[in-house]
Amino acid sequence: MAEVHGQDKAATLAEVVRVLDGFYPPDTAAGWDRVGLVSGDPAQPVRRVHFAVDPTQAVIEEARDAGADLLVTHHPLLLRGVHSVATTTAKGAALTTLVVADLALYCAHTNADVATPGVNDALAAACGLPADVAPLDEEDGQPIGKVGDLPEPTTLRAFARRLASALPAAPVGLRVSGDPDASVRRVAVQGGAGDTRFDAVRASGADVYVTADLRHHPALEAREDARGGPPYLIDAGHWATEALWLDGSAERLAATMAENGYDVQTAVSRLRTDPWDFLVPTSEPSQGATAS
């Protein structure tokens, strides 16, 4: 039998999961969440790990075709109960592809949101905030979101443009509410859906709140409460605000496995799993009613 030297040694799935659980402890996930290992044999070898936001069929096939042994995604595949895994359903087809390809799946969702470094640290950095910003709020006893000050004030328009250049491209782009020329410095962020945090955003004194999935009524009420002033709102898209986390997580896993003598290569999917495909602009909006 050939002698195994240093980083020529393959890790087992159990060993990789142990490291990921250390980065993103499962017990820090929200009570409603479903995180951790979804498919795979803990004893199987892992040499290649693929990272993505969503375990879509296209992402799973990409990981399989790249020769990955493990797919790490932010969003869970089985968040809600299923009663069939037949390939006539999307989840059944996904699970079948994973099992047939001997491809393990691991999900780090709200436990990656509250981790440091985690999803919200990556979004805060994209906004230009320093590394030592404070948590925005708390969920199930865990800190969530970030809030801090930019090195210098800027306008809402300039801030939004800089953020857009730091985010992965998505068809809808950024939706912004507020005076483009308003001065902003204090920034609150939460990757993914964040319209339940308006009270915390107001309490933080933020000039602008960067998040996603802002629904009409909560966003409108927040702007009415602000009387046209801060906090201004930026809906930067669910997928885009969370995709920023992938590169750092992949690099951290590869480095940690190498420190332990394992040769584990990581890659990040560049497939856009934002569900929207194109944007059709309407006419330039006006602020007042039009008389006929």
Side-chain angles (χ1 to χ4, degrees), residues 20 23-25 28-30 32-35 51-55 59 72-76 79 107-140 142-148 150 159-160 162-170 172-176 186-198 200-201 204 206 208-215 218-219 222 231-252 268-276:
L20 290 168
F23 293 167
Y24 316 112
T28 63
W32 51 263
D33 206 0
R34 298 292 180 267
V35 301
F51 282 75
V53 174
D54 297 289
V59 165
V72 176
T73 64
H74 183 49
H75 292 140
L79 183 58
C107 302
H109 191 209
T110 52
N111 49 330
D113 289 334
V114 303
T116 300
V119 171
N120 289 298
D121 295 281
L123 180 56
C127 289
L129 294 176
D132 58 348
V133 290
L136 171 64
D137 201 4
E138 185 178 284
E139 182 171 327
D140 288 352
Q142 298 295 327
I144 194 165
K146 298 290 180 179
V147 61
L150 299 172
F159 174 78
R162 185 175 65 187
L163 176 59
S165 69
L167 292 171
V172 176
L174 278 63
R175 298 188 299 168
V176 185
R186 191 158 179 80
V187 181
V189 307
Q190 181 179 309
D195 64 14
T196 62
R197 307 247 175 245
F198 286 132
V201 171
S204 75
V208 59
Y209 179 37
V210 178
T211 187
D213 293 356
L214 291 179
R215 295 168 294 167
Y232 308 111
L233 305 179
I234 296 182
D235 186 325
H238 198 123
W239 169 78
T241 58
E242 295 181 330
L244 295 166
W245 160 75
L246 299 173
D247 284 293
S249 186
E251 291 168 6
R252 189 180 177 200
V268 174
S269 176
R270 302 305 174 191
L271 290 177
R272 175 177 55 79
T273 54
D274 187 307
W276 307 110

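Keep in mind it's a predicted model, so treat the numbers as computed, not measured.
Side chain of Ser249 to main chain of Leu246: no donor-acceptor pair is present (N/O by atom type, distance under 3.5 Å, no hydrogens or angles). With hydrogens and angles disregarded, a donor-acceptor distance shorter than 3.5 Å links the side chain of His74 to the backbone of Ala108. Between the side chain of Asn111 and the backbone N or O of Tyr24 there is at least one donor-acceptor pair closer than 3.5 Å. Judged by distance alone, the side chain of Gln190 and the main-chain N or O of Ala193 form a donor-acceptor pair under 3.5 Å. In this structure, Asp274 contributes its side chain and Trp239 its backbone to no donor-acceptor pair below 3.5 Å. Of the possible donor and acceptor atoms, none in the side chain of Arg197 sits under 3.5 Å from a partner among the backbone N and O of Tyr209. Between the side chain of Asp137 and the main chain of Ile144, no donor-acceptor pair closer than 3.5 Å is present. Asp121 places no side-chain N or O within donor-acceptor distance of the main-chain N or O of Leu123, the cut-off being under 3.5 Å. Using modelled atom types, no side-chain atom of Ser204 and backbone atom of Val147 make a donor-acceptor pair closer than 3.5 Å. In terms of modelled atom types and a separation under 3.5 Å, the side chain of Thr241 and the main chain of Gly192 share a donor-acceptor contact.
Counting heavy atoms from C-beta outward, Val189 and Leu136 have side chains that stay 4.5 Å or more apart. Side-chain atoms of Thr73 and Asp54, non-hydrogen and from C-beta on, never get closer than 4.5 Å to each other. Residues Glu139 and Thr196 have side chains not in contact (no heavy-atom distance under 4.5 Å, counting atoms from C-beta outward). Contact check for Val210 versus Val187: side-chain heavy atoms found under the 4.5 Å cut-off. Annotation: side chain of Phe198 is not in contact with side chain of Thr211 (no heavy-atom distance under 4.5 Å). Looking at heavy atoms from C-beta onward, Val208 lies out of side-chain contact with Leu233 at the 4.5 angstrom threshold. The side-chain heavy atoms of Leu79 and Trp32, taken from C-beta on, include a pair separated by under 4.5 Å. Proximity of Leu167 to Leu244: side-chain heavy atoms (C-beta onward) are separated by under 4.5 Å at one or more points.
Here the CZ atom belonging to Phe159 is positioned 9.0 Å from the CG atom belonging to Leu174, to the nearest 0.5 angstrom.
Taking all atoms of both residues into account, the shortest heavy-atom contact from His238 to Ala212 is N-CB, 3.3 Å. Residues Ala30 and Thr110 share a closest heavy-atom pair of N-OG1, 2.9 Å. In this structure, Ala160 and Ile234 approach most closely via the heavy-atom pair CB-CD1, 4.0 Å. Between Asp33 and Pro76, the closest heavy-atom pair is OD1-CG, 3.7 Å. Across every non-hydrogen atom of Asn120 and Gly145, the tightest pair is ND2-N, 3.5 Å. The shortest heavy-atom contact between Gly148 and Leu129 is O-CD2, 3.4 Å.
By the 4.0 Å N-to-carboxylate-O rule, Arg270 lies close enough to Asp247 to be salt-bridged with it.
A cation-pi arrangement is present between Arg252 and Phe23, with the terminal nitrogen or guanidinium carbon under 6.0 Å from the aromatic centre and inside a 45° cone about the axis.
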